[in-house]
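Residue numbers start from 1 in every chain, and the chains themselves are labelled A, B, ... in the order their sequence lines are given, proteins ahead of strands. These figures come from a predicted structure and were not determined experimentally.
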There are 2 protein chains.
Amino acid sequence: MTGTINSELMRGSLNMMILSILAEESQYGYLMQQKLRDASREMVDLKAGTLYPILHRLEADKFIRSRWDKSSGRKRKWYDITVAGKKQLSKQAIEWQTYVECIQNLLGQVNLSPKPACRQT
Amino acid sequence: MTGTINSELMRGSLNMMILSILAEESQYGYLMQQKLRDASREMVDLKAGTLYPILHRLEADKFIRSRWDKSSGRKRKWYDITVAGKKQLSKQAIEWQTYVECIQNLLGQVNLSPKPACRQT
DNA sequence: GGCTATATATAGATCAGCTATATATAAAAG
DNA sequence: CTTTTATATATAGCTGATCTATATATAGCC
């Protein structure tokens, strides 16, 4: 049971996860990475080489905004979600919910062993 | 709201869907395609060019087994799930549930508009 | 000074799913 | 009976999100 989630499964929902994290509060990349890892019991282990290109893409799409902060020793690039980003998040979340319900219906019959829940954030 | 689910979102779970359909009863490709479309209110519209390679892959992996049937006019390739396939399905379904729970926790705060449920199969 | 953790960046590889196309034939339309 | 449509499967080649590997830079610790 232990081990990370198959990355193919995460494809298409990582954008949404990042936007979701930023919808709660401003973050910089390295912290988001840890936050995701912690919130998922190490099951979602987003690699730096995956995360930073996603952030750049989201910024190019104007869904997030960045600013460098060098005041506290280390220089960090802080990100905020934009109004367009919040709309996008809402749209993606609805699509996600819809898809999940479809799968749940299909899987209705499948016998699942007891599974541990993700830690609450 | 209408429109098909973004295919990037389905990546990684199509295998599981096919196995899930076959876990209920034997099927041939063309019928699976329609079944998926109907069960998802046209939102999951798996193209033939996607479906058949998946079936070949699943068969190569010994998760499903096939036999041609030419008795009823049209020739059709019927598929059955194997014991290994059922194990694989169970494994993937658990991973799916785990991942869904993680996402749900992350999305906890996101405001969702009322959404239509998938038609029950 | 050397090592580890922090912090960001990017080129290149991988592969699931898509598009487009091909083949074949039963059934329906004309 | 010929044409069209729906059924049924197959596959070559494209796309793009994610991964691997690598690079840079520096704060903090021993």
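- In terms of phosphate contacts, A:His56 brings a side-chain nitrogen or oxygen within less than 4.0 Å of OP1 or OP2 of C:dT10.
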Are there any protein N/O atoms within less than 3.5 Å of an N/O atom in nucleotides 26-30 of chain D, and if so, which ones and at what distance?
residue: D:dT26; atom: O2; partner: A:Arg74; partner atom: NH1; Å: 2.9
residue: D:dT26; atom: O2; partner: A:Arg74; partner atom: NH2; Å: 3.0
residue: D:dA27; atom: O4'; partner: A:Arg74; partner atom: NH2; Å: 3.4
residue: D:dA27; atom: N3; partner: A:Arg74; partner atom: NH2; Å: 3.2

Show the distances under 3.5 angstrom between N or O atoms of the protein and N or O atoms of nucleotides 18-21 of chain D.
residue: D:dT18; atom: OP1; partner: A:Met10; partner atom: O; Å: 3.4
residue: D:dT18; atom: OP1; partner: A:Gly12; partner atom: N; Å: 2.7
residue: D:dC19; atom: OP2; partner: A:Thr50; partner atom: OG1; Å: 2.4

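- Side-chain N/O atoms of B:Tyr28 include one lying less than 4.0 angstrom from OP1 or OP2 on D:dA8.
- Using modelled atom types, one finds no donor on one side chain facing an acceptor on the other under 3.5 Å when comparing A:Gln97 with A:Glu101.
- Looking at heavy-atom distances under 4.0 Å, A:Trp78 makes no contact with the nucleic acid at all.
- For the pair B:Leu31 CG and D:dA6 P, the computed distance is 17 Å after rounding to whole Å.
- Atom pair B:Gln27:CD and D:dT7:P shows a separation of 15 Å (rounding to whole Å applied).
- At distances below 3.5 Å, at least one donor-acceptor pair connects side-chain atoms of B:Ser40 with backbone N or O atoms of B:Leu36.
- Here the C1' atom of nucleotide D:dA8 and the OH atom of B:Tyr79 are 11 Å apart, to the nearest Å.
- Checked options B:Arg65, B:Gln27, B:Arg67; the residue passing with B:Asp80 is B:Arg67 (criterion: side-chain hydrogen bond (donor to acceptor under 3.5 Å, both in side chains)).
- Nucleotide C:dG17 holds its C1' atom 14 Å from the CG atom of B:Leu58, rounded to whole Å.
- To the nearest angstrom, P of C:dA16 lies 14 Å from CG of B:Leu19.
- B:Asp45 and B:Thr4 share no side-chain donor-acceptor pair at under 3.5 Å.
- The shortest non-hydrogen separation linking B:Ser20 to A:Leu106 is OG-O, 2.8 Å.
- Scanning all heavy atoms of the two residues, the minimum distance from B:Tyr79 to B:Met32 falls at CD1-CE, 4.0 Å.
- When the P atom of D:dA6 is taken as reference, atom CZ of B:Arg76 falls 16 Å away, rounded to whole Å.
- A:Tyr99 and B:Trp96 have perpendicular rings, their planes meeting at more than 60° on a 0 to 90° scale where under 30° would count as parallel.
- Distance, B:Lys77 NZ to C:dT25 C1': 18 Å, rounded to whole Å.
- Other residues, nucleotides and ligands contribute only 12 or fewer heavy atoms inside 6.0 Å of the NZ atom of B:Lys86.
- At the phosphate of C:dT6, OP1 or OP2 sits under 4.0 Å from a side-chain N or O atom of A:Tyr30.
- With rounding to whole Å, B:Lys70 atom NZ is found 16 Å from C:dA26 atom C1'.
- The minimum heavy-atom distance linking B:Gly29 with B:Leu55 is given by the pair CA-CD1, 4.1 Å.
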